[in-house]
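Any value given below was found using the heavy atoms of this structure, including those in side chains, with hydrogens, waters and symmetry copies removed. All residue numbers refer to positions in the sequence shown, counting from 1.
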Amino acid sequence: ALPAPVYVDSDMWEKIVLNLLSNALKFTFTGSIAVRLRWQDGNAVLWRADDGSRIGQPMHHLSELKAVAFSPDGTQIITAGIDRDARLWDGNTARPLSITLRHAAGIADVAFSPDGQRIATASDDASAQIWSARDGRPLGPRLRQNGALWWCAWSAATPTRCTASR
């Protein structure tokens, strides 16, 4: 029991809990490799789900990680955090792919398009951006909103459609 009432911003609390649940653990479609975020030290770790052995070095960011996603074919991983960067990694070795996607504020969510050719990012800077997964170049203008964006997702039925919300 706490000695006094604790007041919580319900919107922020919901964001924290849902981020933890949706991004704490991701699997490839084959189920053999998983990624685990370690929130305290800015690292994501790639490991084998069947025996728990780590693959490669930790995928490092400068600050807290918020999101991770596998490409549909499992060959790439994207991580993002409050350091304003989303970074691409090799999905088999955890080596960096030398592509960094940058926003003006922290990135809350990332998602690969169903064909794996594009990446969507949703940011606290009130914008979403679609990027080329091949070379990291922005595809079109930033999509601006009135407040921070917390989620982004692609339509599986119409793979050219993407949405972002708070």
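Using a distance-only test at 3.5 Å, with no hydrogens or angles considered, no donor-acceptor pair links the side chain of Asp85 to the main chain of Arg87. Looking only at distances, no side-chain donor or acceptor of Asp124 sits under 3.5 Å from a matching main-chain atom of Ala105. Checking side-chain atoms of Trp154 against main-chain N and O of Ala111 turns up a donor-acceptor pair under 3.5 Å. A donor-acceptor pair under 3.5 Å is absent between the side-chain atoms of Ser123 and the main chain of Ile107, judged by distance alone. The backbone N or O of Leu149 sits nowhere less than 3.5 Å from a side-chain atom of Trp151 that would complete a donor-acceptor pair. Remark: the backbone N or O of Ala104 is paired with a side-chain donor or acceptor of Asp125 at under 3.5 angstrom.
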*Checking side chain to side chain contact (heavy atoms under 4.5 Å, CB included) for the pair Ile77/Leu88: CA distance, chi angles, key distance, verdict?*
CA-CA 6 Å; Ile77 299 167; Leu88 276 170; over 6 Å; no

**OP:** Could you walk me through whether Gln129 and Leu143 pass the side chain to side chain contact (heavy atoms under 4.5 Å, CB included) test, one step at a time?
**Re:** CA-CA 6 Å; Gln129 180 68 55; Leu143 310 169; over 6 Å; no

- Task: Evaluate side chain to side chain contact (heavy atoms under 4.5 Å, CB included) for Trp89 paired with Thr79, printing each intermediate quantity in order.
- Result: CA-CA 8 Å; Trp89 309 86; Thr79 58; 2.8 Å; yes

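In plain terms, the two heavy atoms of Ala67 and Ala108 that are nearest each other are CB-O, 3.7 Å. Heavy-atom minimum distance, Ala133 versus Gly116: CB-O, 3.4 Å. Across Pro72 and Pro114, no two heavy atoms sit closer than the pair CG-O, 3.2 Å.
We find the CZ-OG1 distance between Phe70 and Thr75 to be 10.5 Å, quoted to the nearest 0.5 Å. Atoms OG1 and CG, on Thr100 and Asp83 in that order, are 9.0 Å from each other to the nearest 0.5 Å. A distance of 7.5 Å separates OG in Ser132 from CD in Gln117, rounded to the nearest 0.5 Å. In this structure, the separation between CZ on Arg84 and NE2 on His103 is 11.5 Å, given to the nearest 0.5 Å. For the atom pair OG (Ser71) and CD (Gln76), the distance works out to 5.0 Å, reported to the nearest 0.5 Å. To the nearest 0.5 Å, atom CG of residue Asp135 and atom CH2 of residue Trp131 are 11.0 Å apart.
Among the candidates Leu139, Ile119, Thr121, the single residue satisfying the side-chain contact (heavy atoms from CB on, under 4.5 Å) test with Ile130 is Leu139.
Considering only heavy atoms from C-beta on, Leu101 comes within 4.5 Å of Ile78 through its side chain.
Note: the hydrophobic cluster containing Phe112 also contains Leu97 (ILVMFWY, side chain heavy atoms under 4.5 Å, direct or indirect links).
Looking at residues two or more places apart in sequence or on another chain, you find no salt bridge (Lys or Arg N to Asp or Glu O under 4.0 Å) involving Arg144.
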